[in-house]
Amino acid sequence: IQERVGRKRFRLSFRTMGRYAAMFVLALGCALGYFVYESQQVEEYTLVVASGNPVKKVTLRDGSEVWLRSGTQMRIPKSFSPQNRSVAIEGEAFFSVKKDSVSPFVVRAEDLYVKVLGTSFNLKTNKEENSVETTLVSGHVVLMDKKEKEILDMQPGEKVLFESESETWKIEQVDVNTQGVWRLGQSVLEDKTLGEITERIAEIYHVHFNFATKRLVDKKYRFVFNKEESIEEICSNLEYIAPIRCKIEGREIFITYQK
């Protein structure tokens with residue numbers, strides 16, 4: 001009888017040990033799973049350029065340069081992985097990406113991913129319209145949807161407007177020399193009427209334009225100006241591109257036709 005009791009105790013002890021071992025393995029597995037999950041998380045910080053503030057230039061750890069426009073925010077990892085360099089943008093930014101064939105550079109913008117190896121491009125998101133505008137100045141980029149499926153292979157001089165809701169895009173040819181010049185403090189008004197040009201200038205310089213005749217208002221021009229220029233210099237440039245004469249009286253500017 002004692003021998004049978006001893007065997008029973010041995011069997012009970014073995015089963016108990018088995019249960020403890022299983023519990024230990026499960027706990028270890030959960031711990032390892034949590035560790036792997038944690039290790040896969042990318043620690044990020046967010047850089048915000050408040051509305052009304054000047055353009056901010058940022059140099060990333062890999063040497064790439066990014067110009068952020070007023071009202072833009074960018075999420076940046078504290079360090080790039082050897083296989084992937086990735087940031088996220090809300091607003092408008094101009095990128096000059098350092099080439100690295102081993103580690104592609106990816107920009108997340110709403111539901112669009114922009115994959116580049118080494119290039120310069122302008123990127124603008126519009127939350128209200130749920131769209132992303134990408135303009136390639138030089139190099140090569142590939143646009144991908146939120147599932148990272150390739151949508152379009154862009155070429156320099158192309159501007160692509162991607163609408164997330166309908167998953168459609170429009171391609172337009174543009175002059176690369178006029179793209180992203182805002183980062184240099186310049187404004188480019190392409191194919192705009194004189195009325196539209198002076199309206200934009202009035203917003204920036206807080207002045208008011210008065211036209212002697214309406215026939216001057218509707219004619220279209222191309223006008224480039226720097227915000228650091230004085231209103232006198234701006235008016236002088238307007239007189240150069242259009243047959244007009246500007247007379248400045250305080251914040252009122254009177255425009256007359258000049259033959």
Side-chain angles (χ1 to χ4, degrees), residues 49-59 65-72 89 91-96 119-126 129 131 133-139 155-161 170-259:
V49 181
S51 296
N53 282 9
V55 174
K56 183 174 183 61
K57 181 183 177 183
V58 180
T59 302
E65 296 176 326
V66 186
W67 288 261
L68 304 175
R69 203 163 194 175
S70 175
T72 299
I89 282 288
E92 186 171 6
F94 186 90
F95 290 83
S96 179
T119 185
S120 57
F121 62 98
N122 197 81
L123 190 66
K124 182 179 181 180
T125 68
N126 189 322
E129 297 181 4
S131 64
E133 181 183 280
T134 309
T135 307
L136 182 59
V137 175
S138 65
Q155 301 300 320
E158 289 183 342
K159 179 168 72 174
V160 177
L161 179 65
K170 298 175 184 177
I171 304 176
E172 179 184 347
Q173 294 293 327
V174 296
D175 180 2
V176 296
N177 295 315
T178 64
Q179 304 304 308
V181 294
W182 55 263
R183 74 188 192 280
L184 306 174
Q186 294 181 342
S187 291
V188 179
L189 303 175
E190 196 79 40
D191 196 31
K192 300 293 183 181
T193 65
L194 190 58
E196 291 172 325
I197 292 172
T198 53
E199 184 178 334
R200 177 62 179 149
I201 294 170
E203 290 175 359
I204 296 174
Y205 288 86
H206 306 292
V207 295
H208 181 257
F209 286 88
N210 303 275
F211 287 87
T213 173
K214 289 186 178 180
R215 67 175 178 172
L216 295 171
V217 178
D218 297 327
K219 192 169 182 180
K220 292 186 176 182
Y221 300 93
R222 179 181 185 271
F223 189 65
V224 180
F225 67 98
N226 194 306
K227 294 178 182 178
E228 294 180 357
E229 292 178 299
S230 67
I231 191 62
E232 289 78 12
E233 291 173 314
I234 294 293
C235 286
S236 177
N237 292 335
L238 286 174
E239 291 176 344
Y240 179 77
I241 67 166
I244 61 171
R245 179 60 59 90
C246 297
K247 184 179 180 181
I248 304 174
E249 295 184 4
R251 295 197 176 276
E252 297 292 326
I253 300 175
F254 299 90
I255 296 181
T256 56
Y257 178 71
Q258 180 72 24
K259 292 183 180 180

**Q** What verdict does the side-chain contact (heavy atoms from CB on, under 4.5 Å) test give for Thr135 and Val174, after you've listed the backbone C-alpha separation in whole Å, the side-chain angles of each residue and the deciding distance to 0.1 Å?
**A** CA-CA 8 Å; Thr135 307; Val174 296; 3.8 Å; yes
**Q** Flag the pair Val137 / Asn122 as yes when at least one side-chain heavy-atom distance between them is below 4.5 Å, and no otherwise.
**A** no
**Q** Restricting to non-hydrogen atoms, name the atom on Leu68 and the atom on Ala93 that form the minimum distance, rounded to 0.1 Å.
**A** CD2-CB, 3.8 Å
**Q** Which pair of heavy atoms, one from Val49 and one from Pro54, lies closest together, and at what distance?
**A** CG1-O, 3.6 Å
**Q** Take Asn237 and Phe225 through the test side-chain contact (heavy atoms from CB on, under 4.5 Å) and record every step on the way to the result.
**A** CA-CA 8 Å; Asn237 292 335; Phe225 67 98; 5.5 Å; no
**Q** Would you say that Val55 contacts Phe94 through its side chain, given a criterion of any heavy-atom pair below 4.5 Å between the two side chains?
**A** no
**Q** Between Lys247 and Glu249, is the closest basic N to carboxylate O distance under 4.0 Å?
**A** yes
**Q** What pairs meet the side chain to side chain donor-acceptor pair (under 3.5 Å) rule with one or both residues in residues 201-218, with sequence neighbours excluded?
**A** Arg200-Glu203, His208-Asn210, His208-Glu252, Asn210-Glu252
**Q** Suppose we screen for salt bridge (charged side-chain N to carboxylate O under 4.0 Å, His left out). Which residues come up paired with Glu65, at least two apart in sequence or across chains?
**A** Lys57
**Q** Can you tell me how far apart NZ (Lys220) and OG1 (Thr193) are? Round to the nearest 0.5 Å.
**A** 7.5 Å
**Q** When rounded to the nearest 0.5 angstrom, what is the spacing between CD1 in Ile244 and OG1 in Thr256?
**A** 8.0 Å
**Q** Quick check against the 3.5 Å criterion: does Asn126 have a side-chain atom that pairs as donor or acceptor with the backbone of Glu129?
**A** yes
**Q** Minimum heavy-atom separation for Ser96 and Trp67, please, with both atom names.
**A** CB-CZ3, 4.0 Å
**Q** Nearest 0.5 Å please: distance from the CD atom of Glu158 over to the CD1 atom of Ile171.
**A** 5.5 Å
**Q** About how many Å separate CZ of Phe211 and OG1 of Thr198, when rounded to the nearest 0.5 Å?
**A** 3.5 Å
**Q** Any side-chain heavy-atom pair from Asn226 and Leu184 closer than 4.5 angstrom?
**A** no
**Q** Show, in sequence, the C-alpha distance, side-chain angles and deciding distance for Tyr221 and Leu189, and conclude whether the side-chain contact (heavy atoms from CB on, under 4.5 Å) test is met.
**A** CA-CA 8 Å; Tyr221 300 93; Leu189 303 175; over 6 Å; no
**Q** Ion pair present between Glu92 and Arg69, side-chain N to carboxylate O less than 4.0 angstrom?
**A** yes
**Q** Ignoring hydrogens and geometry, is there a side-chain-to-backbone donor-acceptor pair from Glu239 to Cys246 under 3.5 Å?
**A** yes
**Q** Enter the distance from Leu194:CG to Ile241:CD1 here, rounded to the nearest 0.5 Å.
**A** 6.5 Å
**Q** So how far is it from Leu161 CG to Ser131 OG, rounded to the nearest 0.5 Å?
**A** 5.0 Å
**Q** Please check if atom CD in Glu232 has more than 12 non-hydrogen atoms from other residues, nucleotides or ligands closer than 6.0 Å.
**A** yes
**Q** Locate the shortest heavy-atom distance separating Ser187 from Lys227; write the atom from each residue and the value.
**A** OG-CE, 3.8 Å
**Q** With side-chain contact (heavy atoms from CB on, under 4.5 Å) as the test, would you mind laying out the steps for Arg222 and Asp191 before giving the verdict?
**A** CA-CA 5 Å; Arg222 179 181 185 271; Asp191 196 31; over 6 Å; no
**Q** Could you report the tightest heavy-atom contact between Ser120 and Leu136, atom names first, then the distance?
**A** O-CD1, 3.6 Å
**Q** If you look at every heavy atom in Ile234 and Phe223, which pair is closest and at what distance?
**A** O-CZ, 4.0 Å
